Amino acid sequence: MISHFLLLVLACLPSFTMAQNAIGSSECCFTFAQISIPAAVIKSYSVTRPDCAYSGVIFILFNGRRICASPSLVQVQRAMQKNRPTPV
């Protein structure tokens with residue numbers, strides 16, 4: 001029973017984390033969403049810093065959720081064109 005709960009908790013963890021660098025902290029993506037995100041639910045986005053292990057786009061949804069996506073996907077590039085980046 002406990003192992004099922006732990007598995008559920010681990011599956012729900014965000015796919016990004018905070019990375020410390022000389023300038024300050026920023027988010028880095030380590031896994032990417034495998035589903036399409038409807039443009040209507042995207043509030044804004046930010047791009048991961050160059051010093052992160054993987055380049056990624058973090059979409060910020062209207063409900064506050066943050067989802068990492070691969071910037072090489074055409075759907076992600078279209079969503080970036082339709083939305084405003086989050087100010088730094």
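The first residue in the sequence is number 1, and the count goes up from there. All heavy atoms count here, side chains included; hydrogens, waters and symmetry mates do not. A quick note: this is a predicted structure, and the numbers were derived from the prediction, not measured.
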S.K.: Within this structure, what is the CD1-CD1 distance for the pair I67 and I42, rounded to the nearest 0.5 Å?
M.R.: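 With rounding to 0.5 Å, CD1 (I67) is 8.0 Å from CD1 (I42).
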
S.K.: Output side-chain donor-acceptor pairs under 3.5 Å for residues 73-83, partner residues at least two apart or in another chain, one line each.
M.R.:
residue	atom	partner	partner atom	Å
Q77	NE2	P71	O	3.0
N83	ND2	A79	O	2.8

S.K.: Any chance you could measure Y45, atom OH, to I58, atom CD1, to the nearest 0.5 Å?
M.R.: 12.5 Å

S.K.: Can you give me the closest heavy-atom contact between I37 and V41, atom names plus distance?
M.R.: CG2-CG2, 3.9 Å

S.K.: If we ignore hydrogens and angles and just use 3.5 Å, is the side chain of T48 paired with the main-chain N or O of C29 as donor and acceptor?
M.R.: no

S.K.: Under the rule for side chain to side chain donor-acceptor pair (under 3.5 Å), what residues qualify as partners of S44, not counting sequence neighbours?
M.R.: T86

S.K.: What closest approach, in Å, do F32 and A69 show between heavy atoms, and which atom pair accounts for it?
M.R.: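 Scanning both residues completely, I find the closest heavy atoms to be CD2-C, 3.3 Å.
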
S.K.: For S72, what residues pass the side chain to side chain donor-acceptor pair (under 3.5 Å) criterion, not counting sequence neighbours?
M.R.: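 Partners of S72 by the side chain to side chain donor-acceptor pair (under 3.5 Å) criterion, ordered by chain and then number, come out as S70.
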
